[in-house]
Every structure is written in structure tokens, then in C-alpha cells.
Amino acid sequence: MLHELLLALLGFTGDLIVDEREQRKTLGLAFNSDSPLSDECTFKLAPDISFIEPSERDLIERLIKLGFYYRELDRFAKKSRNLSWIRSVVTSVHPLERADELSKQSREKKPSVYRRAIANGIGEILSVYRSAVLQIEQKLLAETTPILATVTQGLNKFFVLFPPLYEVILEIERDDIRGGQLLNVLNKRCHCGVPELRTCLQRLLWHGHQVMYNQLAAWIVYGILQDPHGEFFIKRQEDGDLDHRSSQEEISEKLARTSVHETSLTDWHSGFHISLDMLPDYISMRLGESILFAGKAIRVLRNPSPAFQFQKDKSFQQTMRGSQRIRGFMHSDFPERETEIDTDLTGGELLPQSEADKIEAMLKELKESSEFHKRSFECTVDSVRAIAASHLWQLVVVRADLNGHLKALKDYFLLEKGDFFQCFLEESRPLMRLPPRQSTGESDLMVPFQLAATKTIAEEDKYFSRVSLRMPSFGVTVRSSQAELARSKASLAGKANYTSDTSVDGWDAIALEYSVDWPMQLFFTQEVLSKYLKVFQYLIRLKRTQMELEKSWASVMHQDHVESAQHRKDGTNGSTSQQRRQGIRPMWRVREHMAFLIRNLQFYIQVDVIESQWKVLQTHIHDSQDFTELVGFHQEYLSALISQSFLDIGSVSRILDSIMKLCLQFCWNIENQESNPNTTELENIAEEFNKKSNSLYTILRSSKLAGSQRAPFLRRFLLRLNFNSFYEATARGVLNVVRQRPALPL
């Protein structure tokens, strides 16, 4: 009876202590190691035993439950630690057959590294239990002591441990819990009032954290995602999109078509993401994002582009020497600040081995701790993120000359090089008076573009070669600027905001492209460049409108001077010319009002918006040594440009588009009909311009915009526009007078 009981405590039943599931053999339902876990204890005393008292039966029934729990825990541990795949490695099996076998086993058994780690912890607990049973057997054989009392006293602590542990593995098996979810289950159960049970669960959680720390080390030390079974909270973006039925040949062919350079960019922008299902609850989303960023940064630093990796030319050395003071194109009122630059960078090593060893040492310290300390984990993650961000900052700002690229974008996309664009618009003005040809529109513009570059761009401007002019293909029939003259009363308010196609003519589709190399593509994404393009297309229209207003005045004045000289030469009084000048004099006041509005808008955007925000951005670059901070500051810079230029306020941007359209129509009418201007059509344009400008002023003064975050910028522009209260008085007159106002009131 003693040995029967001891064997039952180790999970082996016999004649006196039976397993109810063993009786299913008679029904053809044999029990094996792969059978699911039972919800209740199936170890029972044989019902035909009559020599045991009821009290002893109850005590034995209580003891053999430990044997049942032991067997189920041991089954879970062996199943989770199944290493049968080693046999396929040792035996001479064809690699493809071995891969098919492993994939089949993966689909059927769903292996889990975290479960294997928990199984190792359970194995430690079961080994202690076996030692306790062995000690009881030795004691009973050596001394004459009460059997049941001795067994109960020796295994008393396991009555507290085994039932909760069995509930844990039952929940794991039933809900198929893996990865970070498994850590959540153990962490929640650690909050209990039983010290022995809490210590035991913390040990299991420690084993699970060892796997997590190993995956963290691979990710943030080497930039490798070591997650064969999809249990880590960092995942590849395409994991959920790939068809598991795809053959290995198809995947290999897809990877072969993708270059290393494209893979690096894809990994950085959209290659990895955080799986909320696998992120433990005690690790915040902020920490998860920091771990994600650190790993991606390490991947970038350890896998540079081949073209950049071997770049050791003279210009790079000059950039390094000039970057000792990271000031670039900053304003002179910034104090000089020496910037620490890693000397290993000059040797081509973007991430020094000492830094990698430092990160690994911090993770090793976390692994060796018996408990998970949230504060220590947060400090370690923040330190690793700071190291990665600092070296990525050195790569982008110091080695790749971030400030030079920012200045180039400001020069060409924000029209900082006004002389270049003034020359370009003047050279292309005759071309832009005709409709653009769909097939050769871009090549036609390249001639004045290159001519303007020859006249104004210095040879030492190494960034101009990155700028290219583009003329997107047209999806509809392009209306020329001359054809627009017949549509002066057309609808000016579009159905969408500025991003919609509300162009004056086909030439409004002029675009610039900026070529960026690795690693600047990490900073200047397609989204960022599209914002620059949005501002550029708005500013070039504004610049073109201002130039047309100036050219129309100069052209008519030149014609007037020629006629006056001819009259003096012929000896006539020129009364006809004087009458014509008197007739169109009100139109020149309209032109002056148009020029006043366009000049103020242009000055406001170039000086109050672009220059002020540029200085703010340069201050941030000077004070920061964190790559993510730089990205955030640059996003704020672009958002401020768009917001303060009213490009995201549909009502304001549409009215400004309509005003620019009216200005161009006015200029084309004046120049095309210099000898006999159509005063009726000019008056209609003047009337429409008067309405639009007053509507603009009314919207800018609206209470809805006054309470928004743009109010300070709107008020600044309004102050320039209405410095003498002209617009306020005119708008009040439009609102109070019902009759049609004269085209140009004196």
C-alpha cells in the first residue's frame, strides 16, 4: 500500500489507485500523452477496497490529487519542451522534406518558445516535488512512523502550489496562450497573498522574461527580429499579409527582386509594428514604441547603404570638419556650441562596438534580476533609445549634412532663391502665355529652367543637381491662359480645399522633385516632400501673379511712352491718347489694389511665416541631439508653414486662388487690348475682385477663426492688409449698400 501510494504521487496508478481515464480503453478511447488536460482530478481509490476507514479514504483521496496534478504538469512540461525536431537534424533527411515536416508540426502543435521556458520552470518545481517524495520514502523505510501523517506533513506545501499551477496550465492549453499573453497571465497571478505561491509564479515569470530579454537583445543590440513563432510584440508588417500557403520559392523570388536599399527603407518606414496582442500589460505603449524605434535604428546603423558605407571622398571629410560646430546655416545670434562627434564615425563604424556592449550589459543586468522591476526596465529602454537616437542623429545631421538639405529645400521649394525663380518666370513667360502641350510640356520648360540656373545658380551649389522640374501629365484637356479670358464670370469656388485641382491654367501643375539618398530618406519621406511640393506650387503661383501685375504695368507704360514720343515727333497734340489714358485710369487703381494684396500676402508668407519658422527650426536643431526630436520639430515646421499660409483653411485658400485668377485675367486683358481695352470686361473683373477681397477680409475677421489656434497668424496678416482701415470700410460698404457698386469708387 505504501509503494502504491508513493507511485501514485508521481503519477503512476495501479490496482489500488486507479485513473478513471484508463477505463476508457475498453471503449476504444485510449489515453496518451497528447490527450487534452482534464478539468478535474481523475485519480481515485479503487471502489472495492474495504479495509480502509472512511477517514483514511478521504485523506488518501486528498493526497493522490497531488499525483494527478504532478502528472498533468509533467505532461504539459514534456509537451512544451518537445524537441523531436532534433531527430530530423541528426538523421540524413532531405532539407526540403525536413522543412515540410517542420512546417506541418508547426501548424499542428503550434510550438512556443515562451511555453518551453515556462515548462522549464515547472520542471524545476516538479524536481523539488520528486525530491520531497523520495525523502518521504526514505523516512518511512528507515523509521516506524504513521504513513499518512508523514506523507501529509512532507507534502503539505504542495497543496498550496499545485492547484493554482494546474489552473494556469489549464488556462494556457484551453485558450492557446502564447508569447506576451502568457506573461500577462503569470503577472496577474503573481499578485496573491500566499508567499510560497507568489515565489513560485515569479520564478515561472522569470523564465518567461528570459525569452523576452533574449528577443530584446537580438532586436536592440543587433537589429535582428528573432521570433520564429510570432510571439514577440515587435512584428514584421507583412507577416499578416503573407499567405502561409505560398511556396518557399515564391518568397525567395520576391526577396531577390527587392534590393537591399529598398528593403532598408521599407523596414524603417513600414517594415515593423507593435502587436498589441503580444505586448504585456505592464509594458506601456510608450516603451513599446521606444523599443521599436531602437531596433529599427540599430538595423539602420548596422546595415548602411553600400554607396554610403564606402564614401570617403574629400567632400565628406570637409563636411566632418565643418560639423564640429553644428550650426550649418543658422543665424549668427546663436551661441557657438561644440558638438561631441564619435571618432569612430570617421572610420566608417556607425555603431561602435563599445555602445553595443553597453546595451548588452544593461540587458544582462535585467536578466539576472530575480524579479521584474518596471522602473529599471523603463530606465534601460530609455537609455538604449537615447543611444540609438544619438547615433542616428550623428548619421543624419553630421555625416549626411541635414542642414544643407533643409537649406536646399528652403531655397527651391520655398522660393528662398528669388532671383532664380524671377529669372525662370521671366524666361518662361512667353511659353506660359500659350497652352502647355501634354507631350512636350516638361521638356519645353527645361530650356528656361536651365537658362535661369546658368544665370543665377553658382557652381558650388552642390544641391541644385538634386532638384528637377516636373510637369505631370494631364488627365483632362488643358485650358490655356488665353482661353480663360472668355470665362471671367466662371465659378471660382471649388468643391475641395487647396489640394484639389483648382488651377488657373495648365502651368499651375509645375512641380519640383528633390532627390535624396540614404540615409536622408529616413528623414525626408514622401509625405514630407509632398508637403514641400504643396507649399511650392502655392508660392510659385503667387510669384507668377505678382510678376504679371508688374509686367502689365511696365508694358502699358512703355507703350504710352512710345506713343507720346511719336506724337511729339509728329507735332500732334495726342488728345486721343490722353482720352484713352483717362478712360483706363480707374483700372490702374484696380491693378494697384491687386498688387497691394498680392505683395502683402507674399511678404507675409516669405517673412512672417517662412523666415520666422525657419529660425525656430534652426534653434531646435542646434539644441537637440535626438533623431526623433528632429523629426518632430521638422513636422511642426511644415505644419506651421501650411497652417499659417492658410493652405488648410478651405474658405481662405479658395478665395486666394480666385483672387490670383482674377489678377491674371486682368493682366492678360490689359496687355492683349492695349490699343482699345474692353472697359466692360475690366469692370466685371474689378467688381469680382472687389467682392472676393472683401469676402477674404470678412472671413479673416470671423469669430470662428478668431478663436482658433491660427488666430495670431490671421491677425498678423490682417494687420498688414488693413493698416489704414481701407478694407474694413470697403467691406462695411459692401454689406450695407444693396445697389451695385461702381467698378472703382473714387
Peer 1: Between L161 and Y129, is any pair of side-chain heavy atoms under 4.5 Å apart?
Peer 2: no

Peer 1: Taking only residues two or more places apart in sequence or in another chain, which ones pass ring-ring contact (aromatic ring centres under 6.0 Å, His included) with Y114?
Peer 2: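 Testing Y114 for ring-ring contact (aromatic ring centres under 6.0 Å, His included), a comparison that skips the adjacent residues, returns none.
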
Peer 1: Would you say that H620 contacts L630 through its side chain, given a criterion of any heavy-atom pair below 4.5 Å between the two side chains?
Peer 2: no

Peer 1: With sequence neighbours left out, write down each residue that passes side-chain hydrogen bond (donor to acceptor under 3.5 Å, both in side chains) with E124, or none if nothing qualifies.
Peer 2: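 Counting only residues at least two positions away or on another chain, E124 forms a side-chain hydrogen bond (donor to acceptor under 3.5 Å, both in side chains) with R203, H207.
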
Peer 1: What residues, two or more places apart in sequence or in another chain, satisfy side-chain hydrogen bond (donor to acceptor under 3.5 Å, both in side chains) together with R130?
Peer 2: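 Y70.
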
Peer 1: Does any N or O in the side chain of N184 come within less than 3.5 Å of the main-chain N or O of D281, such that one atom is a donor and the other an acceptor?
Peer 2: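 The answer is yes, because a donor-acceptor pair under 3.5 Å joins these two groups.
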
Peer 1: Determine whether V221 and L363 make a side-chain contact, defined as any pair of heavy atoms from C-beta on separated by less than 4.5 Å.
Peer 2: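 With C-beta onward as the side chain, the pair touches.
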
Peer 1: For E137, check side-chain contact (heavy atoms from CB on, under 4.5 Å) against everything at least two apart and list the hits.
Peer 2: H3, L6, L134, L141

Peer 1: Using a 4.5 Å cut-off on heavy atoms from C-beta on, say whether the side chain of L5 contacts that of L148.
Peer 2: yes

Peer 1: Under the salt bridge (charged side-chain N to carboxylate O under 4.0 Å, His left out) rule, collect the residues that match up with E56, sequence neighbours excluded.
Peer 2: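 Once residues adjacent in sequence are excluded, E56 has no partner under the salt bridge (charged side-chain N to carboxylate O under 4.0 Å, His left out) criterion.
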
Peer 1: Are the side chain of K235 and the backbone N or O of G230 linked by a donor-acceptor pair below 3.5 Å?
Peer 2: yes

Peer 1: Judged by atom type as modelled, is there a donor-acceptor pair below 3.5 Å linking the side chain of R299 to the main-chain atoms of G223?
Peer 2: yes

Peer 1: Can you tell me how far apart CG (L392) and CZ (F627) are? Round to the nearest 0.5 Å.
Peer 2: 4.5 Å

Peer 1: Identify the two heavy atoms, one from L204 and one from G121, that lie closest to each other, and give their separation to 0.1 Å.
Peer 2: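 Smallest interatomic distance, heavy atoms only, reads CD2-C, 3.4 Å.
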
Peer 1: Less than 4.5 Å apart, side chain to side chain, heavy atoms only: is that true for L165 and L201?
Peer 2: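 Heavy-atom side-chain distance check passes, below 4.5 Å.
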
Peer 1: Do the non-hydrogen side-chain atoms of L155 and I136 ever get within less than 4.5 Å of each other?
Peer 2: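 Yes, at least one pair of side-chain atoms sits under 4.5 Å.
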
Peer 1: Give a yes or no on whether the backbone of L183 and the side-chain of N187 come within a donor-acceptor separation of less than 3.5 Å.
Peer 2: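 Checked: no pair found.
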
Peer 1: Mind checking ring-ring contact (aromatic ring centres under 6.0 Å, His included) for Y282 and listing every partner two or more places apart, or none if nothing turns up?
Peer 2: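 Partners of Y282 by the ring-ring contact (aromatic ring centres under 6.0 Å, His included) criterion, ordered by chain and then number, come out as H209, F372.
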
Peer 1: Taking W219 for its side chain and I291 for its backbone only, find out whether a donor-acceptor pair lies under 3.5 Å.
Peer 2: yes

Peer 1: Can you tell me if W206 uses its side chain to pair, donor with acceptor, with the backbone of K367 under 3.5 Å?
Peer 2: yes

Peer 1: Please report the shortest heavy-atom distance between T13 and E4, naming the atom on each side.
Peer 2: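 So the two residues come closest at C-OE2, 4.4 Å.
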
Peer 1: Ion pair present between D58 and R62, side-chain N to carboxylate O less than 4.0 angstrom?
Peer 2: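 Looking at D58 and R62, the cut-off is not met.
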
Peer 1: Can you sort out the partners of Y69 under ring-ring contact (aromatic ring centres under 6.0 Å, His included), two or more places apart, ordered by chain and number?
Peer 2: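 Scan of Y69 (ring-ring contact (aromatic ring centres under 6.0 Å, His included), adjacent residues dropped) gives Y166.
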
Peer 1: Kindly give the heavy-atom pair with the smallest separation between A297 and A388, and that separation in Å.
Peer 2: CB-CB, 3.8 Å

Peer 1: Got L126 and R71 here, is their nearest side-chain heavy-atom distance under 4.5 Å?
Peer 2: no

Peer 1: Regarding R189 and E171, does a basic nitrogen lie under 4.0 Å from an acidic carboxylate oxygen?
Peer 2: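 Salt bridge: yes.
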
Peer 1: Does R286 have any side-chain hydrogen bond (donor to acceptor under 3.5 Å, both in side chains) partners at least two apart in sequence or in another chain, and if so, which?
Peer 2: D382

Peer 1: Residues two or more places apart in sequence or in another chain: which of them pass salt bridge (charged side-chain N to carboxylate O under 4.0 Å, His left out) with D176?
Peer 2: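 Expected list: K110, R115.
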
Peer 1: Which heavy atom of C200 sits nearest to which heavy atom of I125, and what is that distance?
Peer 2: SG-CD1, 2.7 Å

Peer 1: Who passes side-chain hydrogen bond (donor to acceptor under 3.5 Å, both in side chains) against T628, sequence neighbours left out?
Peer 2: R385, D626

Peer 1: So if I apply the side chain to side chain contact (heavy atoms under 4.5 Å, CB included) rule between V381 and each of L287, I283, I220, which one comes out positive?
Peer 2: L287

Peer 1: Has the side chain of R198 got a donor or acceptor atom that lies under 3.5 Å from a matching backbone atom of C192?
Peer 2: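 Yes, R198 side chain to C192 backbone: donor-acceptor pair under 3.5 Å.
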
Peer 1: Less than 4.5 Å apart, any side-chain heavy atom of F293 and any of F272?
Peer 2: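 No, too far: nothing below the 4.5 Å cut-off.
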
Peer 1: With a 3.5 Å distance limit and no angle check, can you tell me whether E231 reaches the backbone of V113 through a side-chain donor-acceptor pair?
Peer 2: yes

Peer 1: Residues in side-chain contact (heavy atoms from CB on, under 4.5 Å) with S376, at least two apart?
Peer 2: L366, H373

Peer 1: Identify, with sequence neighbours excluded, every residue that meets salt bridge (charged side-chain N to carboxylate O under 4.0 Å, His left out) alongside E629.
Peer 2: none

